[in-house]
Each structure stands twice: as structure tokens, then as C-alpha cells.
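What you see is a predicted model, and the numbers here were worked out from it, not measured in a lab.
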Amino acid sequence: LEELRWAEDEEAALERQRDAARRRLRELSARANALARLAAGSAEQERAGLARLAQGVVAALELDRYAYVRSASARGVPPVPARRRAPEPHPADFEAAPRPGTVEVEAGRLAS
């Protein structure tokens, strides 16, 4: 009988520990969810801020280009600045490849 009471007391103590562990787990889960929501909100705010910054940069570049075109046309300069890179070569700039079937071979040398 005493062992039965001891087993019931032990079971009740384990139930209390399990309930306390569940309560802590729920609290931790709630805090983790709240932090995840805060992080998502913060990331969204940063993304929106960067999008506004990008729009501002694009607008400033457009205004700068517009001012350049206006001042260049007032001076009589063509509105399009010169290209910095050389133009891409066209196929007509290359020599025609030898016709298929004709190959020049040096005497005494083997093709490898």
C-alpha cells in the first residue's frame, strides 16, 4: 500500500513537471513567433526603404540626364555622348574563311 502511494506521488510529481515543461515550451514558442513576426516586419521595412532609395536614385539620374541634354542642346552639342567602348565588329569586317575541301599542307610535316 505504501509503495502504491509512493508510485502515485511520483506520478503526480512527473505530471507537474510535464505540465511545467509544456508551459515553458508554449511560452518559448510564443516568443519565437513574436520575434519571427518582428523580423519579418523589419525586413519588409528595410526592403521598402531600399525600394524608395532606388526610385530616388533613378529619378535623380533621369533629372541629371535631362539637365545634361538641355545644356548640351543649348551649346549645340549632340545630346548623345560618344560611346566609351569600340563598336562591336560586324561579320563583314572579317576575312572569308577558306572554302571547305581545300587545305594547305607543308611538306614534311604531319598533321597532329
For the [atom1] atom of [X] and the [atom2] atom of [Y], what is their distance to the nearest 0.5 Å?
| X | Y | atom1 | atom2 | answer |
| --- | --- | --- | --- | --- |
| Glu27 | Arg22 | CD | CZ | 14.5 Å |
| Arg24 | Asp19 | CZ | CG | 11.0 Å |
| Leu14 | Asp9 | CG | CG | 11.0 Å |
| Leu25 | Arg23 | CG | CZ | 12.0 Å |

Distance-only, no hydrogens or angles: does the Ser42 side chain make a donor-acceptor pair with backbone N or O of Leu38 under 3.5 Å?
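Looks like no, no N/O pair under 3.5 Å.
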Flag the pair Glu8 and Arg5 as a salt bridge only when some basic side-chain nitrogen lies within less than 4.0 angstrom of an acidic carboxylate oxygen.
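Judged by the 4.0 Å cut-off on N to carboxylate O distance, Glu8 and Arg5 do not form a salt bridge.
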Below 4.0 angstrom, N of the basic side chain to O of the carboxylate: do Glu15 and Arg18 qualify?
yes
Heavy-atom distance under 4.5 Å between the side chains of Arg70 and Tyr66, does that happen here?
yes
